[in-house]
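Order of the sequence lines fixes the chain letters, A, B, ..., with proteins taken first and strands second; residue numbering starts at 1 for each chain. Side chains included, hydrogens not; waters and symmetry mates left out as well; all remaining heavy atoms used.
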2 protein chains.
Amino acid sequence: MDEVQVKNNVKVEVRAGGGAPALLPSPNRKQVAPMSDLLERLRARGWRMTSQRRVVAEVLDGEHVHLTADEVHARAVERLPEIARATVYNTLGELVSLGEVVELSTDGRAKRYDPNARHAHQHLVCVECGTIRDVHPDGDPLAVLPDSERYGFTVSKVDVTYRGLCPNCSA
Amino acid sequence: MDEVQVKNNVKVEVRAGGGAPALLPSPNRKQVAPMSDLLERLRARGWRMTSQRRVVAEVLDGEHVHLTADEVHARAVERLPEIARATVYNTLGELVSLGEVVELSTDGRAKRYDPNARHAHQHLVCVECGTIRDVHPDGDPLAVLPDSERYGFTVSKVDVTYRGLCPNCSA
DNA sequence: TTCTTGACTTGGACTTCGTCCATTGTAGGA
DNA sequence: TCCTACAATGGACGAAGTCCAAGTCAAGAA
């Protein structure tokens, strides 16, 4: 019983200063798009709020980089040591199907998860080091495809990935 | 010794009518872009021509669909039963680095190989059944990205994937 | 507050896709 | 015909991801 309680409050337990709730901003959290928004949206959709899901959502929100599932798991483990890999995969899958997170497979290796799903954007990838940046080109990329080239498809989305060398790697 | 000879000529051996060399057009070969072109180009680049490499190249040329490495292997095995999976992977990797074949990872699962590498094009993917079609939109997709959105990257290529439902799946 | 219950989590086995490497085979030049 | 450097083999290995039975627990009801 004791162990269970510790399990669900690990983050609070291990924090210096004691008792800071998981949602309080910490020095290395971004100021924009507070996690409470996402948590609220999820709760409103009937998502059962568990400590595991909260931690995964926080990890994604905390860093606006494009983490792999394993990286998400590694960061989640820092806050909730027992969290299982399968849980991270499940949760990411749900966030994707809810449209809160976008799944990228830019390199054919591990998928990456982009928490910036609420604003349409595209990606700029360094072929050398794998760095990914969000970019916002002009115009609607869907409009470029003429009807004659749609072959009866109902096209609903375009993934555009620009590839090249980042400033570091081209130096 | 006998076995070795059979091994390097399996396709000829099993052909009805006997002795038709592997490169002769057969009823189910496409007429366009004859394989001999590709084989010639590869030979001109100093590629050592082995039966395995020939079979892999023929499989890619024979069907202008986008096969996975395993599908290429399965089709290659029909012609050359002993061909190893590793050999198919090696050969595909070489064709890609020679620029003769394009590697696609449209779904984060197995990579697919597109033999139509000599003409710039983009892809239309059915999110339901995975069908892939080549498409040729207007304009240069690279031109859409303004300098202000390049963050110092040297952008050399764009991958554009349109996603939606094919006529079958939307019915 | 204490049930209750169905949704969630766990962890380990399993699958799929791909790579590595020591050994064996062979294409193509001398 | 012989050599040798390059290519193929096949089995082990590894990374990424899925599956599932058993255990746990969030949140609504009493």
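At a threshold of 4.0 Å, the pair B:Arg118-B:Glu100 counts as salt-bridged, since one of the basic side-chain nitrogens sits closer than that to a carboxylate oxygen. Look at A:Glu71 and A:Arg112 and you find a salt bridge, because one of the NZ, NE, NH1 or NH2 atoms lies within 4.0 Å of a carboxylate O, short of that distance. The pair B:Glu94-B:Arg53 meets the salt-bridge criterion, since a charged nitrogen lies less than 4.0 angstrom from a carboxylate oxygen.
Judged purely by distance below 3.5 Å, without hydrogens or angles, the side chains of A:Asp114 and A:His121 pair a donor atom with an acceptor atom. Under the 3.5 Å distance criterion, with hydrogens and angles disregarded, no donor-acceptor pair is assigned to the side chains of B:His66 and B:Asn116.
Note on A:Ala86: a base of the nucleic acid sits closer than 4.0 angstrom, heavy atoms only. Looking at heavy-atom distances under 4.0 Å, A:Thr50 makes contact with sugar-phosphate atoms alone, never a base.
If you take CD1 of B:Ile83 and P of D:dG10, they are 11 Å apart, rounded to a whole angstrom. Between the P atom of D:dA16 and the OH atom of A:Tyr89 lies a distance of 7 Å, rounded to the nearest Å. One can place CG of B:Leu80 at 10 Å from P of D:dA8, the figure rounded to the nearest angstrom. One can place CD of A:Glu94 at 6 Å from P of C:dC8, the figure rounded to the nearest angstrom. Going from atom CZ of B:Arg109 over to atom P of D:dA16 covers 14 Å, rounded to whole Å. Atom CG in A:Leu42 sits about 12 Å away from atom P in D:dA27, given to the nearest Å. At whole-Å resolution of the value, CG in A:Asp70 and P in D:dT18 are 12 Å apart. If you take CG of A:Leu67 and P of D:dG17, they are 13 Å apart, rounded to a whole angstrom.
The phosphate of D:dA8 (OP1 or OP2) has a side-chain N or O of B:Arg53 nearer than 4.0 angstrom. Between A:Gln52 and the phosphate of D:dC25, there is no side-chain N or O to OP1/OP2 separation shorter than 4.0 Å.
A donor N or O paired with an acceptor N or O is not found under 3.5 Å between the base of C:dG11 and the side-chain atoms of A:Arg85. Judged by distance alone with a 3.5 Å cut-off, no donor-acceptor contact links the side chain of B:Arg48 to the base of D:dA7.
Of the two residues near DNA chain D, A:Lys111 and B:Ala84, the one whose nearest nucleotide lies more 5' is B:Ala84. Residue order along DNA chain C, read from the 5' end via each residue's closest nucleotide, puts A:Asn90 first among B:Met49 and A:Asn90. Comparing B:Trp47 and B:Ala69 along DNA chain C, the residue whose closest nucleotide (by nearest heavy atom) sits nearer the 5' end is B:Ala69.
Picking from C:dT10, D:dA16, D:dA27 the nucleotide with the shortest atom distance to the side chain of A:Glu82 gives C:dT10.
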